[in-house]
Amino acid sequence: MTRDSEGLSDPKAMRALAHPARLAILNRLGVQGSATATEVAESAGITPSAASYHLRMLAKYGFVEDAPPRGDGRERLWRPVAFAVGVEPDDRPEVRDAKVALIAALRRIANEEVERALSALDQETEEWREASRFQRVRIRVDAAELARLADRIDELLRPYVARRRPEEDAPSGARISEVQVNLFPVAARPVPGLPTEDHGHPAASPG
């Protein structure tokens, strides 16, 4: 399910989501599917009672919902609700600040995933090392081309998204992998200017 089609706009909801344990819980649910508070607790590094509290808070703001029961139905299962967040020109200051803080929190988690992958890359098989990419590419496009590129990337990724592709439908040897996509116009970098001294040594005074 999708939380809403226009993305987040409630500062309280965004501040609630930016909590590290809650983001870890959402990541666990998004990758491995519906789970109980006890099952997500270990992934978040918290107690089951704390996980239950965080799940209730996430549900309050519409980020998770009850999932269909399994077995005898005694356990409460949760599943994630998809959401989108983006900064808009007409955002109120408090909304913009909350969005920027949430996006920054999501980016920190994404960077941590990259760092862990790089640290473990030498332990991977040659096949997985060669398949991995850590790339940064500058492109020259207009806004319409950038939007079309984003749509095409979404289309390519859609069949492989873990929460939509059951393990039994994937080929043998399939693993949870991650794609990180950032598409944005490059903002002007501040120019520090020329130093008044050269490598800490005072410039020679005129003779």
Side-chain angles (χ1 to χ4, degrees), residues 1-20 22-31 33 58 61-65 79-118 121 128-166 169-171 174-193:
M1 292 185 63
T2 302
R3 187 177 186 277
D4 58 62
S5 59
E6 298 179 356
L8 292 174
S9 59
D10 181 357
K12 288 184 179 180
M14 287 182 278
R15 286 194 292 269
L17 178 57
H19 190 288
R22 293 170 192 169
L23 290 173
I25 288 171
L26 277 185
N27 182 68
R28 162 64 174 78
L29 294 174
V31 171
L58 288 169
Y61 291 107
F63 296 112
V64 300
E65 62 186 6
R79 64 184 177 187
V81 176
F83 67 91
V85 57
V87 177
E88 301 294 338
D90 57 350
D91 283 337
R92 301 189 312 277
E94 64 271 23
V95 172
R96 184 186 184 281
D97 290 347
K99 285 182 174 181
V100 170
L102 176 56
I103 292 171
L106 294 170
R107 287 303 316 152
R108 283 193 295 272
I109 291 174
N111 290 337
E112 289 169 2
E113 291 286 356
V114 172
E115 290 169 4
R116 279 194 297 272
L118 284 170
L121 198 59
W128 282 101
R129 287 198 305 272
E130 290 183 353
S132 300
R133 296 289 187 277
F134 299 92
Q135 230 173 339
R136 179 185 176 195
V137 180
R138 290 290 175 100
I139 58 179
R140 194 180 304 278
V141 293
D142 65 15
E145 288 175 319
L146 193 65
R148 286 198 298 273
L149 181 57
D151 289 341
R152 290 191 64 185
I153 292 172
D154 286 344
E155 184 179 351
L156 285 170
L157 293 176
R158 196 170 297 123
Y160 306 102
V161 175
R163 68 175 179 271
R164 299 176 186 155
R165 191 186 201 194
D169 291 348
R175 292 169 50 182
I176 295 297
S177 302
E178 180 158 334
V179 177
Q180 296 190 16
V181 179
N182 297 292
L183 297 173
F184 54 88
V186 175
R189 182 188 296 270
V191 178

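Quick caveat, the model's predicted, so the values are computed rather than measured.
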For M14 and A98 the tightest heavy-atom approach is CE-CB, 3.8 Å
Can you check whether L17 reaches F83 side chain to side chain, under 4.5 Å on heavy atoms? yes
Got a second to check how far L149's CG is from D154's CG, nearest 0.5 Å? 9.5 Å
Roughly how far, to the nearest 0.5 Å, is CH2 of W128 from CG of L121? 12.0 Å
Side chain of R22, backbone of L58: donor and acceptor closer than 3.5 Å? no
Heavy-atom neighbours of E178 CD exceed 12 at 6.0 Å: yes
Qualifying residue, where the test is side-chain contact (heavy atoms from CB on, under 4.5 Å) with F63 and the options are I25, L8, L29, L23: L8
Hey, could you give me the CG/CD distance between L106 and Q180, rounded to the nearest 0.5 Å? 11.0 Å
Could you give the distance from NE2 (H19) to CG (L26), rounded to the nearest 0.5 Å? 12.5 Å
Closest non-hydrogen atoms of R165 and P171, given as atom of the first, atom of the second and distance, are NH2-CD, 3.5 Å
Pairs meeting criterion salt bridge (charged side-chain N to carboxylate O under 4.0 Å, His left out) with involvement of residues 101-117, two or more places apart: E113-R116
Side-chain donor or acceptor of D91 paired with backbone N/O of E88 under 3.5 Å: yes
I need the minimum non-hydrogen distance between A162 and V31, along with the two atoms involved. CB-O, 4.1 Å
Residue pair R163 / A82: nearest heavy atoms and the distance that separates them: NH2-CB, 4.2 Å
Output the distance between atom CG (L183) and atom CD (E145), rounded to the nearest 0.5 Å. 12.5 Å
Any V87 side-chain heavy atom under 4.5 Å of I103 side chain: yes
Indicate the atoms forming the closest heavy-atom contact of A18 with A105, along with that distance. O-CB, 4.3 Å
To check you understand the geometry: which heavy-atom pair defines the closest contact between P192 and P190, and what is its length? CD-O, 3.5 Å
Distance col, row L156:CG vs D151:CG, nearest 0.5 angstrom, shows 11.0 Å
